[in-house]
A.B. asks: 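Next up is a structure, given as structure tokens.
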2 protein chains.
Amino acid sequence: MPRGRPRDAAVGHKVVETVLRLIAEGTPFGDLTMEGIAREAGVGKATLYRRWAGKDALLLDAMAAVDSPALPVLPGTSFRDDLVVAVETIRKRGLAKRDSAMLRNMLTQMHNNPELWRRYHGTVIAKRRAALARLLEHGIAIGAVRPELGSDLELLVDFVTGPMLTRTAFREDAPLEQGLSERVVDLILHGIAPGDDT
Amino acid sequence: MPRGRPRDAAVGHKVVETVLRLIAEGTPFGDLTMEGIAREAGVGKATLYRRWAGKDALLLDAMAAVDSPALPVLPGTSFRDDLVVAVETIRKRGLAKRDSAMLRNMLTQMHNNPELWRRYHGTVIAKRRAALARLLEHGIAIGAVRPELGSDLELLVDFVTGPMLTRTAFREDAPLEQGLSERVVDLILHGIAPGDDT
DNA sequence: ACGATACGAGACGCCCTCGTATCGAAACCC
DNA sequence: GGGTTTCGATACGAGGGCGTCTCGTATCGT
């Protein structure tokens with residue numbers, strides 16, 4: 001039906017990819033400009049405005065295009081092994097510029113652009129948390145996690161993700177520490193107080 | 001010695017306070033403008049440029065003026081009680097707009113402005129972490145914390161602060177949950193695995 | 001009193017961005 | 001081929017920030 005020349009799908013993809021690249025390179029949202037995006041993407045400004053109403057709409061689309069990069073495959077050999085892989089994944093994501101820069105920017109924009117945050121949370125964060133929640137429920141089912149903790153899975157997810165998240169978020173210099181995830185997991189499993197069956 | 005009219009100390013204070021207020025209100029760093037600051041502070045632009053070389057220098061000074069708002073007094077009745085107060089303090093800070101907005105902005109600017117981050121980290125974050133590290137060392141000394149964990153206090157601090165930090169950072173809607181800090185502390189102390197002396 | 005400096009206010013030129021419009025070329029349907 | 005739409009490129013006016021400068025006034029040392 002559409003009469004004239006059809007839109008080139010590659011163009012839209014190229015633009016979104018450019019936006020994500022710029023964010024990954026550390027460009028704050030406020031410094032993202034339509035002209036800069038067009039320049040970097042090798043695209044005419046008219047093309048941008050033909051497809052998106054403005055910067056907000058473009059960013060919104062870019063958010064939806066952030067590929068939740070394949071949740072890790074859990075080894076399944078033991079609950080602890082699975083947890084180590086999950087925590088290690090958080091660490092790797094923190095080191096990946098694309099993911100961490102995106103998250104940092106989203107946290108900053110959370111107040112000023114609630115819709116953007118909602119979208120990002122829905123397409124990226126919610127999935128990760130849900131996967132972890134499933135793992136924890138499995139842990140409860142097999143007796144590796146105290147059953148009464150199941151009453152607040154959200155808190156449990158925060159407890160598991162928090163330490164590694166803050167560590168990677170605050171430390172750019174993150175040295176490659178061997179066995180870090182294992183040590184974090186052991187802390188998560190047994191806590192810091194003595195008297196455990198460690 | 002200085003000949004002419006002396007600088008009004010109140011002016012400098014007023015400007016810095018305005019900057020911190022704007023940040024607290026959610027203004028991203030990129031949207032902070034010298035003209036906007038002058039306007040909000042009721043100050044001439046010339047005054048800004050007379051005292052600071054540019055926006056970066058002004059922000060740098062503002063960082064140094066962030067008052068690490070008095071570390072909490074620990075009850076000292078028990079290690080667990082102290083820990084609860086420490087964690088509860090993190091929660092309250094997360095709800096305080098000024099603190100959380102500042103932290104979010106700093107995380108975003110970390111890459112683009114390392115000097116700014118270094119300053120903020122030194123004047124604010126380092127002190128908080130040091131205080132918590134002291135508490136944990138005390139815990140080790142009195143046998144409330146497994147002694148072998150003292151070999152990596154930084155990790156321990158991340159483990160204690162992480163859960164509440166991520167929870168407050170990601171959740172704007174943070175409902176006032178009764179006893180949240182206590183539950184987090186118990187997780188920190190005993191972990192999620194069964195077999196503890198809880 | 002006099003010179004020097006600080007103050008708030010605002011004008012100035014420069015540059016960048018926004019969103020729109022126009023251009024020639026290209027790609028599609030009828 | 002004719003009509004239509006998209007493409008990259010570029011020009012345009014409006015708006016705003018930057019950093020400098022100039023006003024008139026105020027406040028200090030000498």
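All of these numbers come straight from a predicted model, not from anything done at the bench. Each chain gets a letter, A, B and so on, in the order its sequence line appears, and its residues count up from 1.
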A.B. asks: Could you check how far CG of A/Leu58 sits from P of C/dC18, rounded to whole Å?
C.D. replies: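 These atoms are roughly 11 Å apart.
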A.B. asks: Report the distance from atom OG1 of B/Thr18 to atom CD of B/Glu40, rounding to the nearest 0.5 Å.
C.D. replies: 7.5 Å
A.B. asks: Nearest to the side chain of A/Ala46, heavy atoms from C-beta on, is which of C/dA11, D/dA9, D/dT22?
C.D. replies: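 In terms of side-chain proximity for A/Ala46, the closest of C/dA11, D/dA9, D/dT22 is D/dA9.
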A.B. asks: Can you find a side chain N or O atom of A/Arg51 that sits less than 4.0 Å from OP1 or OP2 on D/dC7?
C.D. replies: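 Result: yes.
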A.B. asks: Using a cut-off of strictly less than 4.0 Å between a heavy atom of the residue and any atom of DNA chain D, enumerate the qualifying residues of residues 33-43 of chain A by number.
C.D. replies: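 The answer is A/Gly42, A/Val43.
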A.B. asks: Hey, which of these two, B/Gly4 or A/Arg50, hits DNA chain C nearer its 5' end, going by closest nucleotide?
C.D. replies: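 Counting from the 5' end, the first nearest nucleotide belongs to B/Gly4.
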A.B. asks: Going through the distances and angles, do B/Asp61 and B/Arg51 end up as a salt bridge (charged side-chain N to carboxylate O under 4.0 Å, His left out)?
C.D. replies: CA-CA 11 Å; B/Asp61 255 29; B/Arg51 292 167 179 248; over 6 Å; no
A.B. asks: Do A/Lys45 and C/dG19 have a side chain to base donor-acceptor pair shorter than 3.5 Å?
C.D. replies: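 Yes, a donor-acceptor pair under 3.5 Å.
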A.B. asks: Is B/Phe170 close to A/Leu103 at the side-chain level, that is, under 4.5 Å between some pair of heavy atoms?
C.D. replies: yes
A.B. asks: Could you give the NZ-to-P distance, from B/Lys55 to D/dG17, as a whole number of Å?
C.D. replies: 10 Å
A.B. asks: Rounded to whole Å, how long is the line connecting atom CG of B/Asp8 with atom P of C/dG8?
C.D. replies: 8 Å
A.B. asks: Using only side-chain N and O atoms of B/Thr47, determine if any of them is under 4.0 Å from OP1 or OP2 of C/dA6.
C.D. replies: no
A.B. asks: Choose from D/dT30, D/dG3, C/dG8 the nucleotide whose nearest atom is closest to any side-chain atom of B/Arg3.
C.D. replies: D/dT30
A.B. asks: Rounded to whole angstroms, how far apart are CZ on A/Arg7 and P on D/dT5?
C.D. replies: 11 Å
A.B. asks: What is the distance, rounded to the nearest whole Å, between atom CG of A/Asp31 and atom P of C/dC18?
C.D. replies: 11 Å
A.B. asks: Both A/Ala53 and B/Ala9 contact DNA chain C. Taking the nearest nucleotide for each, which residue is further toward the 5' end?
C.D. replies: B/Ala9
A.B. asks: Between P on C/dC7 and OH on B/Tyr49, what's the gap in Å once rounded to a whole number?
C.D. replies: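 It is 16 Å, rounded to the nearest whole Å.
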A.B. asks: In whole Å, what is the span from the CH2 atom of B/Trp52 to the P atom of D/dG19?
C.D. replies: 14 Å
A.B. asks: Specify the separation, in whole Å, of atom NE2 of B/His13 and atom C1' of C/dA6.
C.D. replies: 19 Å
A.B. asks: Nearest 0.5 Å, please: how far is CD in B/Glu88 from CE in B/Met164?
C.D. replies: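 One finds 6.5 Å between CE of B/Met164 and CD of B/Glu88.
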A.B. asks: Of B/Arg171, B/Arg167, B/Arg91, which meets salt bridge (Lys or Arg N to Asp or Glu O under 4.0 Å) against B/Glu177?
C.D. replies: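 Answer after filtering B/Arg171, B/Arg167, B/Arg91: B/Arg167.
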A.B. asks: About how many Å separate CZ of B/Phe159 and CG of B/Leu187, when rounded to the nearest 0.5 Å?
C.D. replies: 8.0 Å
A.B. asks: Quick one: is A/Arg5 getting a side-chain N or O under 4.0 Å of the D/dT4 phosphate, OP1 or OP2?
C.D. replies: no
A.B. asks: Is any side-chain heavy atom of A/Glu35 less than 4.5 Å from a side-chain heavy atom of A/Lys45?
C.D. replies: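 They are in contact (side-chain heavy atoms under 4.5 Å apart), so the answer is yes.
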